Structure formats: C-alpha cells, structure tokens
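Read the numbers this way: they start at 1 and go in the same order the structure lists the ligands and their atoms. The shown structure was predicted, so the numbers you read here are calculated from the model rather than taken from an experiment.
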Amino acid sequence: MAGNWKMYKTPAETTAFFERFRPLVERSEHCEVVICPPFTGLAAAVQAAAGTRIRIGAQNLFWAREGAYTGEVSAPMIRAAGCSHVIIGHSERRQYFGETDESVLKKTVSALEAGLTPIVCVGERLEEREAGKTEAVLAGQFRGGIAGLGPQQFAAIVMAYEPVWAIGTGKTATPEIAADAHRAIRGEVRAKFGAGAAAAVRILYGGSVKPDNVKNLMAQPEIDGVLVGGASLDPASFATIVNF
Ligand code: PGA
C-alpha cells in the first residue's frame with residue numbers, strides 16, 4: 001500500500017502526518033506500507049518512520065550516480081537518505097517532464113543498483129482507452145522500457161498500473177477494468193520473463209483510490225496493492241486504506 005504525496009507537504013507537515021498516522025497502522029502487519037514525500041520531506045519522513053514498518057520512497061531520481069546535473073538527485077543519494085523505494089515513470093513525469101520509456105528503464109536500473117525498490121508506473125490516457133488502444137499502449141510502455149531489464153532485475157521491481165484518466169479525477173477504474181489491464185500487463189511479463197515472473201510480480205493499481213473503493217479493488221486477485229495520491233495525504237484516510 002503506497003502513498004504518493006506528489007508536490008504536497010513541508011517537512012513540518014510531514015512530521016505532523018506521521019504523528020497521527022503511526023498509531024493508526026501500528027498493528028498493520030498484513031502488508032507493506034510505503035510513503036513517498038517530495039525530496040525536501042524525505043529526511044523528516046525517514047526520521048518519523050524510524051522503528052516502524054513504514055518504508056519511505058522518493059518520487060523520481062536521475063540515473064547518473066553524481067555529476068554536473070543541476071537540480072537532480074541520484075539513486076545512491078536517495079538510498080543514503082534512508083529510503084527503500086522510488087516511484088519511476090509516473091504519468092505526471094511523462095506528461096510534464098519529458099519522461100520516456102527509455103528514461104524509465106535507465107532510472108529503474110540505477111535505482112536497483114543503489115538497492116532501492118523501483119515502483120514503475122504504466123498507464124493509458126483517456127483518448128488511448130477510447131480508441132481501444134489500452135493494451136497496445138501498456139505493451140508499448142513495457143516493451144520500450146522495463147522489458148530491457150534482466151530477469152533478476154525484473155524480479156526486484158514493483159509495477160503500478162495507473163490509467164491517466166483515473167488520476168486525481170475521482171473516476172476510479174472499475175475493479176474489472178483494472179483487473180483486465182493488470183492481466184494484460186502480466187501477459188507481457190509472461191511473454192518476456194516467463195510464467196514464474198508473471199505470477200510473482202506485484203502490480204499496484206493507482207487512480208482515485210479512496211477508503212470506500214479500496215476493498216472492491218483489492219478483491220480482484222490481479223490487484224496486489226494500491227498506489228494512492230490524494231487520499232494518502234490525510235492520515236486517517238490513508239490508514240483506512242492500509243487497514244481496509
Ligand atoms: P490519485 O493519484 O489517487 O490522487 O488519483 C494517484 C497517483 O497519481 O499515483
């Protein structure tokens with residue numbers, strides 16, 4: 001159960017979130033919990049989550065280890081900050097910051113080399129779904145990106161299916177639509193990495209997940225977890241999702 005805070009919360013707001021969130025998930029041993037604040041909130045989050053099962057992740061990285069790349073942050077730096085995860089290829093990064101399937105692959109490799117677990121996002125836009133191209137788009141994003149990983153590398157990643165039309169819109173995919181897409185992604189994984197990898201890979205669903213729809217989404221065997229934006233900003237609401 002992963003929370004993507006996007007560009008929300010100062011370090012002080014991060015600390016305040018954890019003070020309320022920690023007791024609410026203290027007994028939640030049934031799943032992994034990851035929260036991904038902005039870079040400036042990572043230190044506060046790592047400190048506030050110390051001694052708990054809550055893991056902290058970043059929302060992006062640059063693939064070089066270090067160098068003259070003004071404004072960028074590398075995988076080893078994120079690891080050294082106490083993070084265990086990083087989101088890669090979120091649709092907002094694809095849309096506004098020029099992320100491509102190729103850069104997603106490079107970033108994923110550098111995250112793995114630094115010992116981070118990448119949460120790699122794929123998903124179709126509304127016009128692509130309406131044109132009946134959903135499966136082709138998902139296949140294209142997979143084949144042009146993380147299909148380039150080695151089998152051992154692939155075994156260490158988490159995937160997330162996030163239909164762009166469902167992100168921040170309140171329009172969640174129905175559990176059946178989400179499960180169909182997850183099956184299509186698993187089909188790609190099977191073709192490239194085999195049946196074992198397809199069965200083992202965890203695929204999160206993301207896009208307007210809320211306390212009142214998480215149960216039906218998670219009832220689909222294809223859906224292994226959720227990646228939550230807006231509803232992860234409030235401690236009570238994200239705790240309800242974690243503990244559904
Ligand atoms: P949302 O965002 O839950 O606010 O729709 C999901 C995401 O972009 O990861």
Side-chain angles (χ1 to χ4, degrees), residues 1-9 13-14 17 21 31-39 41-42 45 54-61 83-99 101 104 107-108 111 116-126 128-129 134 137-138 141 145-146 157-175 177-179 181-182 185 202-218 220 222-244:
M1 313 303 268
N4 169 17
W5 281 1
K6 310 194 179 187
M7 199 170 73
Y8 291 98
K9 291 196 195 290
E13 289 164 346
T14 301
F17 172 95
F21 183 66
C31 65
E32 289 176 41
V33 181
V34 182
I35 294 185
C36 303
F39 287 128
L42 292 179
I54 307 163
R55 299 282 168 265
I56 305 302
Q59 299 171 17
N60 180 37
L61 57 74
C83 294
S84 55
H85 290 70
V86 60
I87 299 170
I88 296 178
H90 190 277
S91 63
E92 287 151 17
R93 299 229 44 99
R94 294 175 188 260
Q95 185 178 350
Y96 304 126
F97 304 102
E99 194 86 88
D101 298 327
V104 166
K107 290 181 178 192
T108 303
L116 293 167
T117 300
I119 302 172
V120 181
C121 305
V122 295
E124 81 287 1
R125 298 194 308 259
L126 181 61
E128 293 166 335
R129 171 160 289 271
T134 298
V137 168
L138 297 175
Q141 289 174 343
I146 48 174
I157 76 165
V158 173
M159 292 190 68
Y161 167 62
E162 296 209 314
V164 179
W165 47 270
I167 295 177
T169 57
K171 276 190 219 162
T172 180
T174 63
I177 287 177
H182 284 218
I185 293 166
R202 284 177 293 170
I203 308 179
L204 314 182
Y205 167 78
S208 296
V209 176
K210 306 289 175 207
D212 62 4
N213 61 24
V214 63
K215 192 165 175 227
N216 287 341
L217 287 162
M218 290 299 295
Q220 296 286 336
E222 284 287 344
I223 300 180
D224 302 309
V226 286
L227 179 53
V228 186
S232 73
L233 293 169
D234 175 69
S237 122
F238 192 45
T240 306
I241 291 173
V242 168
N243 294 324
F244 78 94

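- Residue contacts with ligand 1, taken as heavy atom pairs separated by less than 4.0 Å, involve I167 via backbone and side-chain atoms alike.
- Set against the non-hydrogen atoms of H90, the atoms of ligand 1 under 4.0 Å away are 7 (C), 8 (O), 9 (O).
- Every atom of ligand 1 with a heavy atom of G230 under 4.0 Å away is listed here by number and element: 1 (P), 3 (O), 4 (O).
- In the vicinity of A166, heavy-atom distances shorter than 4.0 Å reach the ligand 1 atoms 5 (O).
- Among all protein heavy atoms, the one lying closest to atom 2 (O) of ligand 1 is K6 NZ, 3.3 Å.
- Proximity of a side-chain donor or acceptor of S232 to a complementary backbone N or O of F238 within less than 3.5 Å is not detected.
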Please lay out, stage by stage, how I167 and E92 fare under the test side-chain contact (heavy atoms from CB on, under 4.5 Å). CA-CA 9 Å; I167 295 177; E92 287 151 17; 3.6 Å; yes
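- For OH of Y8, the number of neighbouring non-hydrogen atoms (other residues, nucleotides, ligands) closer than 6.0 Å is 12 at most.
- Ligand 1 is never approached by A231 to a heavy-atom distance shorter than 4.0 Å.
- Residue C121 does not touch ligand 1, judged by heavy-atom distances below 4.0 Å.
- Using a 4.5 Å heavy-atom cutoff, the side chains of Y205 and Q220 are not in contact.
- Within ligand 1, the atoms closer than 4.0 Å to a non-hydrogen atom of S208 are 1 (P), 3 (O), 5 (O), numbered from 1 in the order shown.
- For residues 158-171, the set of pairs meeting the side-chain hydrogen bond (donor to acceptor under 3.5 Å, both in side chains) definition, not counting sequence neighbours, comprises H90-E162, E124-Y161, E124-W165, R129-Y161.
- For the pair E32 and R202, the minimum side-chain heavy-atom distance is below 4.5 Å.
- Taking only nitrogen or oxygen atoms, main chain and side chain alike, V228 does not reach within less than 3.5 Å of ligand 1.
- Looking from atom 9 (O) of ligand 1 to the surrounding protein, the closest heavy atom is E162 OE2, 2.7 Å.
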Could you walk me through whether R94 and V104 pass side-chain contact (heavy atoms from CB on, under 4.5 Å), step by step? CA-CA 9 Å; R94 294 175 188 260; V104 166; 3.8 Å; yes
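- Annotation: atom 6 (C) of ligand 1 to nearest protein heavy atom, G229 N, 3.5 Å.
- Of the possible polar contacts, one joining the Q141 side chain to the G123 backbone as a donor-acceptor pair under 3.5 Å is found.
- The atoms of ligand 1 that sit less than 4.0 Å from any heavy atom of G168 are 1 (P), 4 (O), 5 (O).
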